[in-house]
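Structure first, commentary second.
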Amino acid sequence: MNRAKLPSFPDRLLEWWDRHGRKDLPWQQPRTPYRVWISEIMLQQTQVGTVIPYFEKWMDDFPDIRTLAHAPLDDVLTLWAGLGYYARARNLHKSALICAEKFSGNLPATAEALCSLPGIGLSTANAIISQSTDQPAAVLDGNVRRVLARHAAVEGWSGKTAVQKILWSEAEQRLPAARGADYTQAVMDLGATVCTRSKPGCDACPVAADCQALALSRVSDLPTPKPPIKVSEQTVHMLVVRDNHGRILLEKRPPAGIWGGLWCLPSGSTEARALASLGIAEVETEPLSPFEHKLSHIRMTICPLLLTAVEGTQVKCPANLGWFTSSEQDGLGLPRPVSNLLKKLNNGELN
DNA sequence: GATGCGTGGCG
DNA sequence: TCGCCAAGCAT
């Protein structure tokens with residue numbers, strides 16, 4: 001038995017990160033609070049490779065909090081289109097307004113104040129603090145949960161409060177005394193590149209020596225997977241209403257719920273009646289091929305219906321409805337299934 | 001405590 | 001192909 005004392009968990013991780021960690025991600029140069037904040041929100045449930053181009057464009061368009069606060073929400077949502085979880089974009093904009101008003105245009109410095117902003121929970125708050133001030137602060141995202149569940153052999157799905165509590169405690173116990181920024185990046189990089197969900201590289205792991213899951217041969221079944229949920233089936237009728245100029249009627253969705261705040265094809269029978277009240281006559285009604293759109297909880301069957309409006313019938317349009325040309329649609333940032341549908345329509349690939 | 005919220009990558 | 005799920009948070 002080797003009784004030589006191991007370096008601490010954070011020391012081993014930091015030494016590993018110095019040699020193998022990622023140091024060239026866009027939000028790491030420079031690591032300002034604003035840039036770290038935007039990156040952390042974009043990275044929620046979203047992979048690094050997907051985020052990078054959105055982050056670059058964001059920094060071009062909204063280089064600081066005040067610019068973001070003064071920007072129209074529509075511009076923010078348009079940039080966000082395609083990233084998903086659009087509440088994140090609405091919350092960023094709202095938070096920027098709060099910061100401009102209450103914190104003189106800066107992000108607040110404490111975790112408690114950060115958590116008061118919409119869209120920021122404890123993990124994101126601590127990620128912002130540790131990466132922008134270099135103070136050690138515990139984060140608990142998917143990568144860290146996997147590393148800790150294995151290293152400490154924590155049983156149970158992390159969605160359970162009791163399990164979450166243990167993982168937070170394990171995260172805090174492992175914090176270093178200094179180098180908070182590098183440590184946060186290190187533990188996330190370890191989860192992303194070594195302690196991966198499948199085929200983890202335990203041979204290359206700096207903390208394998210005291211990994212409980214490895215000692216117990218439990219690496220492959222920790223962390224405990226999420227119990228299966230049942231996916232609901234939903235049918236949505238999307239109306240493709242064209243006028244004689246080839247423009248298409250779009251509807252701005254209410255701020256909450258799916259695709260909140262985005263322009264979208266009008267959906268459902270209620271909207272169909274609303275169209276009738278606008279005086280839009282249909283000279284032609286043509287069902288297009290239904291297609292599936294899968295979300296995490298819903299299997300959505302989208303049934304497009306092609307309508308052609310008679311000339312001069314679009315008299316008065318409520319604020320949440322508008323006619324858009326093909327090039328105007330591109331600038332709006334439509335939800336993926338909608339933009340895909342319209343693209344096929346323009347290419348004549350439908351019917 | 002359970003659900004809702006998007007999209008794309010990957011085995 | 002298809003199911004899982006990724007740098008979570010709000011309600």
Side-chain angles (χ1 to χ4, degrees), chain A residues 21-22 25-28 35-55 77 80-92 94-95 114-128 130-131 137-147 157-165 167-168 171 181 184-193 195-200 223-232 234 253-262 264 292-300 302 333-340:
Chain A
R22 294 179 292 187
L25 296 169
W27 40 91
Q28 294 175 313
R35 290 165 61 87
V36 171
W37 174 41
I38 302 304
S39 73
E40 288 299 327
I41 300 300
M42 285 186 172
L43 287 161
Q44 287 171 3
Q45 305 291 282
T46 311
Q47 297 182 359
V48 170
T50 304
V51 163
I52 287 175
Y54 284 87
F55 180 83
L77 286 170
W80 202 269
L83 252 194
Y85 284 145
Y86 299 97
R88 295 183 294 174
R90 298 193 301 272
N91 286 335
L92 281 174
K94 188 189 287 183
S95 291
L114 284 168
C115 286
S116 74
L117 296 172
I120 299 184
L122 185 56
S123 184
T124 298
N126 281 350
I128 294 169
S130 62
Q131 298 198 64
V139 299
L140 193 57
D141 50 37
N143 286 318
V144 182
R145 274 198 301 272
R146 189 168 53 254
V147 169
W157 173 50
S158 62
K160 295 290 182 186
T161 305
V163 177
Q164 191 90 308
K165 197 173 161 186
L167 291 172
W168 271 112
T184 290
Q185 194 60 51
V187 66
M188 292 197 281
D189 282 359
L190 187 76
T193 65
C195 194
T196 48
R197 187 166 59 88
S198 59
K199 293 199 286 183
T224 307
K226 174 161 72 171
I229 58 152
K230 70 171 175 188
V231 175
S232 67
Q234 204 169 305
R253 295 187 62 86
I258 192 167
W259 302 320
L262 272 67
C264 199
E292 282 209 331
H293 183 66
K294 280 179 255 178
L295 300 96
S296 35
H297 290 74
I298 309 169
R299 184 187 297 275
M300 193 183 285
I302 297 176
L334 303 174
R336 271 291 181 268
V338 175
S339 57
N340 288 344

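When reading the values below, keep in mind they use all heavy atoms of this one structure, side chains included, and skip hydrogens, waters and symmetry mates.
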Given the [atom1] atoms of [N] and [M], what is the spacing between them in whole Å?
| N | M | atom1 | value |
| --- | --- | --- | --- |
| B:dG6 | C:dA6 | C1' | 12 Å |
| C:dT11 | B:dT7 | C1' | 22 Å |
| C:dT1 | B:dG8 | C1' | 15 Å |
| C:dC2 | B:dC5 | P | 24 Å |

Which of the following nucleotides, [options], is nearest to the side chain of [X]?
| X | options | answer |
| --- | --- | --- |
| A:W27 | C:dA7, B:dG4, C:dG3 | C:dA7 |
| A:Y85 | B:dG9, B:dC5, B:dT7 | B:dC5 |
| A:T161 | C:dC5, B:dG8, B:dG1 | B:dG1 |
| A:V48 | C:dA7, B:dG6, C:dC5 | C:dA7 |
| A:R299 | B:dC5, C:dG3, C:dA6 | C:dG3 |

Contact class for [X] vs. all strands (heavy atom < 4.0 Å): base, sugar-phosphate, or nothing?
| X | value |
| --- | --- |
| A:P228 | nothing |
| A:Q164 | nothing |
| A:G257 | sugar-phosphate |
| A:K160 | sugar-phosphate |
| A:W80 | nothing |
| A:R90 | nothing |
| A:I128 | nothing |
| A:G82 | sugar-phosphate |

Results of side chain to side chain contact (heavy atoms under 4.5 Å, CB included) for A:F55 - residues two or more places apart only: A:P26, A:W27, A:R35, A:I38, A:S39, A:M42, A:V51, A:M59

Donor + acceptor pair across side chains of A:E40, A:Q131 (<3.5 Å): yes

Begin with the C-alpha distance, continue with both residues' side-chain angles, and end with the deciding distance and a verdict on side chain to side chain contact (heavy atoms under 4.5 Å, CB included) for A:Q45 and A:Y85. CA-CA 9 Å; A:Q45 305 291 282; A:Y85 284 145; 3.6 Å; yes

Do A:T46 and B:dG6 share a donor-acceptor pair, side chain to base, under 3.5 Å? yes

